[in-house]
Student: 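The structure's right below; bear with me while I get my questions together.
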Amino acid sequence: MRTGLRVSYQTEAARHWLETGDDVLAVFEFGRSPLESNNARHVPVALRQLGGPPQVEVWRCQGPIKSGTWDLLKFAQGEQLTMGHIALDLRIHGDMRTASRKAYDILQSYLQQSPHQWPLKIWNYIPGINQGTGDEEHYRQFCLGRADSILIAPGDHPPLPAATAIGAPLDEPALQIYFLAAALPGLDVENPRQVSAWRYPRQYGPRSPLFSRGTIFRLNGSRQFLISGTASVIGHQTHHENQVASQLSESLRNVNSLLEEGHRQMGGSHARLDRNGILKVYIRHPEDLEPVRQALESEAPAETPRIYLQGDICRSNLLTEIDGMVYCSST
Ligand code: 3EB
């Protein structure tokens, strides 16, 4: 049996998973406001699922699992892994920059006193991510707030978690951030086809996004790869503007390049898309589901479970993005 973090998509209701497994670290329910969370392990996510029967995302790991709250953050802590989530109502917590800084301040103060101090990956769901012009855009303001909180000296090469930043509907009141953390830091992996995000030039905003392209972590002798949100970006530039299927293919090439780079750094171990991993596909326009699905079906292994979610991407000219988790094998 697989150890570490097991991620799967399931068709039973969230309640079923919250009541059954004593190894259930988190249950993500799509198309629901994060403000509706009724249990530390229950994480409603505003993004709507596209296509297929409704599914929940279930995270399982070695228990026993204890859960609680820290300031405005809810957490579930297993033997070796912690999941935490926070939702800040933007009607109460101020503008996007202020809310983002506050969320990251709480997240970091929580991590400092936790036995699992190291964030491996952070997901950020930002209402109306492309609202506002120029540097006022919600995504850029979110990046500013995150950088206000995570203090990094200019020119420093920081250890950073993997991340995904995606737009939630404009009418969703809450900025949502959730994470996976462990007792030891992950190994950061950058993609040789892409400029590291923290080195993005000024044209993308006043403060660069702070994330690594992926992290590899090891538990009980098995390794797992957390892939950051990966889009059709080469160098730092968007490719295939207005061509959703080509953007999806380019994103997959980026994922494969990242996995290859991980292999190079790990030596013997190889991360592969197989039936134990998962892919999460974000699509800006719901009508693009079919071309995206077709591109993914012809270019990624059919056995890898996947889910499609409606979400805006952080640059207006990006139409789709992928994130995922895969296991590493020793062949
Ligand atoms: C990109 O390649 C796409 O700001 O945390 C992907 C993953 C992206 C994470 C973030 C942004 C973030 O630049 C955007």
Side-chain angles (χ1 to χ4, degrees), residues 30-36 43-50 72 85-107 122-150 163-178 197-198 200-211 228-233 236-238 240-242 244 247 251 280-289 292 308-323:
F30 302 104
R32 301 276 305 274
S33 173
L35 297 171
E36 292 172 29
V43 191
V45 170
L47 314 196
R48 280 189 305 113
Q49 187 185 335
L50 296 172
L72 296 170
H85 59 114
I86 183 166
L88 293 187
D89 190 330
L90 295 162
R91 296 166 301 192
I92 301 170
H93 293 280
D95 58 27
M96 188 61 76
R97 180 177 182 169
T98 311
S100 164
R101 180 188 181 144
K102 177 156 194 179
Y104 272 87
D105 282 350
I106 295 172
L107 195 151
I122 305 179
W123 285 259
N124 307 276
Y125 292 126
I126 302 158
I129 193 167
N130 303 129
Q131 275 297 112
T133 48
D135 289 346
E136 294 306 312
E137 187 189 36
H138 280 178
Y139 175 61
R140 295 184 179 198
Q141 291 293 313
F142 160 81
C143 286
L144 274 168
R146 174 170 58 183
D148 291 339
S149 179
I150 301 175
T164 290
I166 288 288
L170 182 58
D171 63 0
E172 165 53 49
L175 167 67
Q176 179 178 48
I177 298 175
Y178 65 83
W198 70 85
Y200 275 175
R202 174 66 181 84
Q203 72 200 80
Y204 301 106
R207 292 301 298 269
S208 304
L210 296 174
F211 67 96
S228 286
T230 303
S232 180
V233 172
H236 57 74
Q237 271 151 346
T238 298
H240 316 291
E241 213 164 313
N242 301 320
V244 74
Q247 286 200 8
S251 305
K280 246 167 131 157
V281 184
Y282 304 94
I283 300 174
R284 181 185 292 275
H285 303 300
E287 63 271 24
D288 286 342
L289 173 62
V292 167
Y308 299 92
L309 300 173
Q310 198 275 314
D312 294 345
I313 323 302
C314 66
R315 294 183 194 175
S316 306
N317 57 14
L318 289 171
L319 302 173
T320 187
E321 184 167 306
I322 302 174
D323 87 44

Student: Quick one: closest heavy-atom pair of Trp198 and Phe211, and the distance?
Tutor: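 In terms of heavy atoms, the two residues are closest at CE3-O, 3.7 Å.
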Student: Main chain of His236, side chain of Tyr204: is a donor-acceptor contact present, judged purely on distance under 3.5 Å?
Tutor: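 It does hold such a pair.
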Student: Does Arg284 use its side chain to pair, donor to acceptor, with the backbone of Ile313 at less than 3.5 Å?
Tutor: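 Judged by distance alone, yes, a pair lies under 3.5 Å.
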Student: How about His93 and Thr98: do any of their side-chain heavy atoms sit closer than 4.5 Å?
Tutor: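 Side-chain contact under 4.5 Å: no.
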Student: In chain order, what residues pass the salt bridge (Lys or Arg N to Asp or Glu O under 4.0 Å) check against Glu36, with sequence neighbours excluded?
Tutor: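 Per chain and number, Glu36 pairs via salt bridge (Lys or Arg N to Asp or Glu O under 4.0 Å) with Arg32.
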Student: Between Asp323 and Lys280, is the closest basic N to carboxylate O distance under 4.0 Å?
Tutor: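 Not counted as a salt bridge, because no side-chain N and carboxylate O are separated by less than 4.0 Å.
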Student: Can you confirm whether Leu210 sits close enough to Tyr104 that some side-chain heavy atom of one is under 4.5 Å from a side-chain heavy atom of the other?
Tutor: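 Leu210 does not reach Tyr104 side chain to side chain.
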Student: To the nearest 0.5 Å, what is the distance between CD1 (Ile283) and CG (Leu289)?
Tutor: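 Answer rounded to 0.5 Å: 5.0 Å.
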Student: Suppose the criterion is ring pair (Phe, Tyr, Trp, His ring centres under 6.0 Å): which pairs have a residue in residues 129-150, not counting sequence neighbours?
Tutor: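 Output for this query is empty, none listed.
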Student: Going from SG on Cys143 to CD1 on Ile126, what distance comes out if it is rounded to the nearest 0.5 angstrom?
Tutor: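 Output value for this atom pair is 7.0 Å.
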Student: Is the shortest side-chain heavy-atom distance between Arg146 and Pro209 below 4.5 Å?
Tutor: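 SC-SC contact between Arg146 and Pro209 confirmed.
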Student: In Å and rounded to the nearest 0.5 Å, what is the CG to CG distance from Asp95 to Leu175?
Tutor: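 One gets 11.5 Å once the value is rounded to the nearest 0.5 Å.
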Student: Would you say the side chain of Asp135 lies within less than 4.5 Å of the side chain of Leu144, judging by non-hydrogen atoms?
Tutor: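 The answer is no, as the side chains (C-beta and beyond) never meet within the 4.5 Å cut-off.
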Student: At their closest point, which heavy atom of Leu47 faces which heavy atom of Gly311, and how far apart are they?
Tutor: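 Closest pair (atom of Leu47, atom of Gly311, distance): CD1-CA, 4.4 Å.
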Student: CD1 of Ile106 to CD1 of Ile177: how many Å apart, nearest 0.5 Å?
Tutor: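 If I round to the nearest 0.5 Å, the distance is 9.5 Å.
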Student: Check Val43 against Gln176 and note the closest heavy-atom contact, atom names and distance.
Tutor: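 So the minimum-distance heavy-atom pair works out to CG1-NE2, 3.4 Å.
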Student: Between Arg48 and Pro286, what is the shortest heavy-atom contact and its length?
Tutor: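 Distance-wise, the nearest heavy atoms are NH2-CG, 4.0 Å.
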Student: Would you name the heavy atoms of Met96 and Pro127 that are closest together and state the gap between them?
Tutor: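 Looking at all heavy atoms of both residues, the shortest contact is CE-O, 3.8 Å.
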Student: Between Thr320 and Val281, is the side chain to side chain contact (heavy atoms under 4.5 Å, CB included) condition met? List the steps.
Tutor: CA-CA 7 Å; Thr320 187; Val281 184; 3.9 Å; yes
Student: I'd like to know whether Ser251 forms a side-chain hydrogen bond (donor to acceptor under 3.5 Å, both in side chains) with Glu321, so could you lay out the CA-CA distance, the side-chain angles of the two residues, the decisive distance to 0.1 Å, and finally the verdict.
Tutor: CA-CA 7 Å; Ser251 305; Glu321 184 167 306; over 6 Å; no
Student: Taking Asp89 first and then Arg91, would you say they form a salt bridge - that is, a charged N and a carboxylate O separated by under 4.0 Å?
Tutor: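 Yes, charged N to carboxylate O under 4.0 Å.
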Student: Please check: side-chain N/O of Ser228 versus main-chain N/O of Thr164, any donor-acceptor pairing under 3.5 Å?
Tutor: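 Pair absent, no side-chain N/O of Ser228 close to backbone of Thr164.
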Student: Go through it in stages, so that I can follow the logic: the residues are Asp288 and Tyr308, the test is side chain to side chain contact (heavy atoms under 4.5 Å, CB included), and I'd like the CA-CA distance, side-chain angles, deciding distance and then a yes or no.
Tutor: CA-CA 11 Å; Asp288 286 342; Tyr308 299 92; over 6 Å; no
Student: Could you list the residues that satisfy salt bridge (Lys or Arg N to Asp or Glu O under 4.0 Å) with Arg101, not counting sequence neighbours?
Tutor: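 Listed in chain order: Asp105.
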Student: What is the distance from atom CD of Gln247 to atom CD1 of Ile322, rounded to the nearest 0.5 Å?
Tutor: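 Reported value, rounded in 0.5 Å steps: 11.0 Å.
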Student: Considering all heavy atoms of both residues, which atom of Ala87 and which atom of Ala174 are nearest to each other, and what is their separation?
Tutor: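 Shortest heavy-atom contact: CB-CB, 4.1 Å.
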Student: Can you tell me how far the CG atom of Asn130 sits from the CG atom of Asp312, to the nearest 0.5 Å?
Tutor: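 Interatomic distance, Asn130 CG to Asp312 CG, rounded to 0.5 Å: 5.5 Å.
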Student: Any side-chain heavy-atom pair from Val292 and Val244 closer than 4.5 angstrom?
Tutor: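 A side-chain contact exists here, since the closest heavy-atom pair is under 4.5 Å.
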